[in-house]
Amino acid sequence: MEEFFQQLTNGLAVGGIYALIALGYTMVYGVLKLINFAHGDLFTIGAYLGLTLLTSMSLMDSLGVFFGLLLLVLMVMGLVGLIGVLLDQIAYKPLRQSPRLSAVVSALGASIVFQNAVMLIYGARFQVYPQDILPRIVINIFGMPVPLIRIMILMASIFMMGALYFFIQRTKVGTAIRAAAEDQGAARLMGIDVNRVIMLVFLIGPALGGAAGLMVGLYYGQINFTMGWIYGLKAFTAAILGGIGNIPGAMVGGILLGVIEALGAAYISIAWKDAIAFFVLILILIFRPTGLLGERVAEKI
Amino acid sequence: MIRKALFLFVAVCMAFAVQSVSADTVKIGLMGPMTGPWASEGQEMKQVLDLLAEDVNENGGLIGKKVEIIAQDDAGDPRQASLAANRLSTMDIVAVVGTYGSSITEATQNIYDESQIIQVANGSTAIRLTEKGLKYFFRTCPRDDEQGRVGAQTIKDLGFKKVAILHDNTSYAKGLADEAKALLEKDNISIVFYEALTPGERDYNAILTKMKSSKPDGVFFTGYYPEAGLLLRQKSEMGWNVPFIGGDATNHPDLVKIAGKKSAEGFYFLTAPLPKDLDTPEAKKFVADFQKKYEAPPNSIYAVLSGDGFRVIVEAIKSTKSTDPDKLADFLHKKLTDFPGLTGKISFNDKGDRIGEVYRVYRVDGEGNFVLQP
Amino acid sequence: MKEKRYIVYALFVVFLLTAPLYLNRYWLEVLNSVGLYAILGLSLNIIVGYGGMFHMGHAAFYAIGAYTTAIISTSYGVPVLWLMPLSGLTAGVFALVVARPIIHLRGDYLLIVTIGLVEIVRIALINNVFGITGGANGIFGIPRPTLFGYKIFKSHQFLYLIWGCVAVTVFFFYRLENSRFGRALVYLKEDEIAAEGSGVHTARYKLAAFVLGAFWAGMVGTLFAAKMTIISPESFSFWESVLYFMIVILGGSGNIAGVILGAFLVIGLPEFFRGLENYRLLMFGAAMIFMMIFRTQGILPPRQKVFDVSRFRKGGEPI
């Protein structure tokens, strides 16, 4: 039983990261109905930018661990958000009126560009975050050793999701985003500047992805230029699992996916872990064709 | 329509452009993963060969000509590798060094063999590559069975009774794990855990938790250094003190960087000797030159092995004073004995495999240095 | 306009037929690679271009075809090309079984399921499922194909074999496009509900398109296995499926000539960028974006079909 709970915390830690990346996927999808395949690479860029800022500015020394980290997170989120906006302006905006799949190919092209740009700038070798930035404290929960940083990561993703949910549901700008997601034409008629909404979405979504990249760097220490592809795919799976376009769905999907992977590895087979996760996904979609929390969409006639 | 016509026109032009390379150099090809997940290996292979070729050219060149390195990207993918091989074989090269992965090399073996080009692989350890009787194929890396044997011996010497074996389902790691498993079971050492992880991930806690519950005395991980570093780090975060042993793919300074000095301490691995541990003047000069040119020591043992591939080719051309593939192959098979390589003495048998005891056991000390074990 | 198009097609055929005269082996191999991907693209085009289904797991069927050929030819010594229909059939049956429950999923949900499918197949191959796939090593020693008593192993021989298959594919799919089946698919893609309302059995047509595409990809698997003589799981990754997808969309989904052009761009272009070494893929990615931005419908989008209605009017007078 103890092993079961240990594996559960393993799954929650992985799932928290998936969820955070999935949030960005789902936001962009909700408004544009675009699967942003470059999202995983924005996550990579977040991890690399975080490393550069961390090693070049020594924020921790001047501001202390907490405020230094906070500033670092904000800077990374801001920069990756800007890259996201640029990406949209260059690669997606000209394709708004064309078939949806054209934008998908453009996104795949952008993914290749980002990946190789990171390789050319930082080199193909693995990059490593300096160790011991965060205190390595292990706390005991019901006699089970759990590293503190793992709890912090989960808390941070839940906090970000909560903040995002509040922003979308309770603020005026959030209402505009929801309106644009519902029906762009009608939103425009109501006086909402849809272009600005899209820009905002491309600021927030990639920023969350960048934050996730920074967290992965801080926690696991090792980053490389191809890592975004796997994380991006997992996050896309998570977003679909929860019902794409739905913010709590991304969170539920991410955490569920992490837990399925950990338990699948523990009790069935490690080598088949990803296959098991996809199999469960397919089963869920057969019975709930729009994901766990996705709304059932009536076909318009 | 116009675009298509233009495209074909350019295709034809470029096809001709390729063939008009100057003829008064000795061309040696390099096939390696310059892009894709193994790009760091391929790019370092290129650095090593560039350095060595420069050295040859400064010292009077080869049979009165300059040496020229022609690098082609195989992207670590069999289909692209076969294109790279076809490309190289039309570029008038004498020999080719590469490549890294076994199945990638295999996709190119016939192409070079049919074109009568000497191929010296640097990282392809799968046994079957040299079991086909190809006359022009050699490799500077030892085979999986040799490494499996040394690995099993090391585990026995360390006195483990219950062993966990973890591989990553690449043909190299799986081959090594299978070899070691068979040998260990023969000696009544029980294998309590035998599974594969998915390379390229970050979180291996689930695997470590599962492995821990099988209570092994030691773990043999046959995969690559990025995963090994993470495993070591996450293992020590879990507070689990089991000794880890790795194969030669874990021999990389980044292992210590990823794991951290504290977590990496006590990690054993098998590898061909590092150039810094060889007393030969060749190895010393190489390390010094590399440090001088690229301002960092060489990282990957496979890149150094590609350097050895280049050096045996150069030696063969020098000694036979010819670029005839049959003469070169004959020389490498029979006459090259105990050639002072960057990774120890090199001789080849009739299959093209490197002869002799190559593997050494290293241990990581508290400062993150790789220390040769007696 | 129409004649101009035929002149280009004719020039293209002449170029292919005479290519061995002035192209070296490397460029012939590039053409072979393009040819294989052109067939794969065309088979995916049935599903994506005509059927309108988001399918990013086509490599799964390609892999099943290739492995069927490899396993049977190495263990029973059956001549490789004879296995083409069988490989296609295996892939087709597999597609039928897996597609039935998922075919009704909407766009992006279908997309992730097909991605899951190709990953499951790849993981199964790597883990040596049923002990027949050879695990990560793959299967080697696949015999070379023979055709009318000639052993095919040289690049130019493969050129004719592969592009011959492209020609057969083009002919078949061209006929299909203009058949009742093809028209139903196009209708379905344009407006599924209206199609259903007009008596088109949408689920059945979608499934048929899916299985046909898979069948064809399975047959290309035979060609690939025969050409490489070794196959291993890394040739059938998710990224492969992405390449076919890009070929179809970039070239012009729903247009045969467009898909072939797409194969030239997606597979040929990285070869042109070889001189750039490490910058090779960066340039390729940038080129993808630019081509997509400037030709948002794909480079050669299908022309609006004009059905000749005059024969339905008395005397052929315009209304």
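Worth saying up front: this structure is predicted, and the values here are computed from it rather than measured. Numbers restart at 1 for each chain; the letters A, B, ... are given by sequence-line order, proteins then strands.
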Side chains of [Y] and [X]: any donor to acceptor distance under 3.5 Å?
X: A:Y92; Y: A:N36; answer: yes
X: C:E240; Y: C:Y37; answer: yes
X: A:E261; Y: A:Y18; answer: yes

Against chain A, label [X] side chain, backbone, both or neither, depending on which of its atoms sit under 4.5 Å from a heavy atom there.
X: C:V121; answer: neither
X: C:L281; answer: both
X: C:A124; answer: both
X: C:I289; answer: both
X: C:L111; answer: side chain

Just say parallel, tilted or perpendicular for the rings of [X] and [Y], cut-offs at 30° and 60°.
X: A:Y122; Y: A:Y48; result: tilted
X: C:Y244; Y: C:Y62; result: perpendicular
X: A:F37; Y: A:F236; result: perpendicular

In terms of heavy-atom pairs under 4.5 Å with chain C, which of A:L285, A:I286, A:L101 leads?
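When all of A:L285, A:I286, A:L101 are compared, A:L101 has the most.
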Looking at chain C, which one of A:Q115, A:M119, A:R100 has the largest number of heavy-atom pairs inside 4.5 Å, strictly under?
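The residue among A:Q115, A:M119, A:R100 with the greatest pair count is A:R100.
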Part of [X] within contact of chain C (heavy atom distance under 4.5 Å):
X: A:L120; answer: side chain
X: A:F114; answer: neither
X: A:I244; answer: both
X: A:I240; answer: both

Exceeds 12 heavy-atom contacts within 6.0 angstrom, atom CZ of C:F290:
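No - once you tally the heavy atoms of other residues, nucleotides and ligands closer than 6.0 Å, there are 12 at most.
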Give a yes or no on whether a salt bridge exists between A:K33 and C:D108, defined as a side-chain N under 4.0 angstrom from a carboxylate O.
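No salt bridge links A:K33 with C:D108.
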Would you please test A:D88 and A:I198 for side-chain contact (heavy atoms from CB on, under 4.5 Å) and show each step?
CA-CA 9 Å; A:D88 173 55; A:I198 291 172; 3.7 Å; yes
With chain A, which of C:V248, C:N127, C:L250 has the greatest number of heavy-atom pairs at distances under 4.5 Å?
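Counting heavy-atom pairs under 4.5 Å, the top option is C:N127.
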Output the option from C:M292, C:R122, C:M246 having the highest count of non-hydrogen pairs under 4.5 Å with chain A.
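Top option by heavy-atom pairs under 4.5 Å: C:M292.
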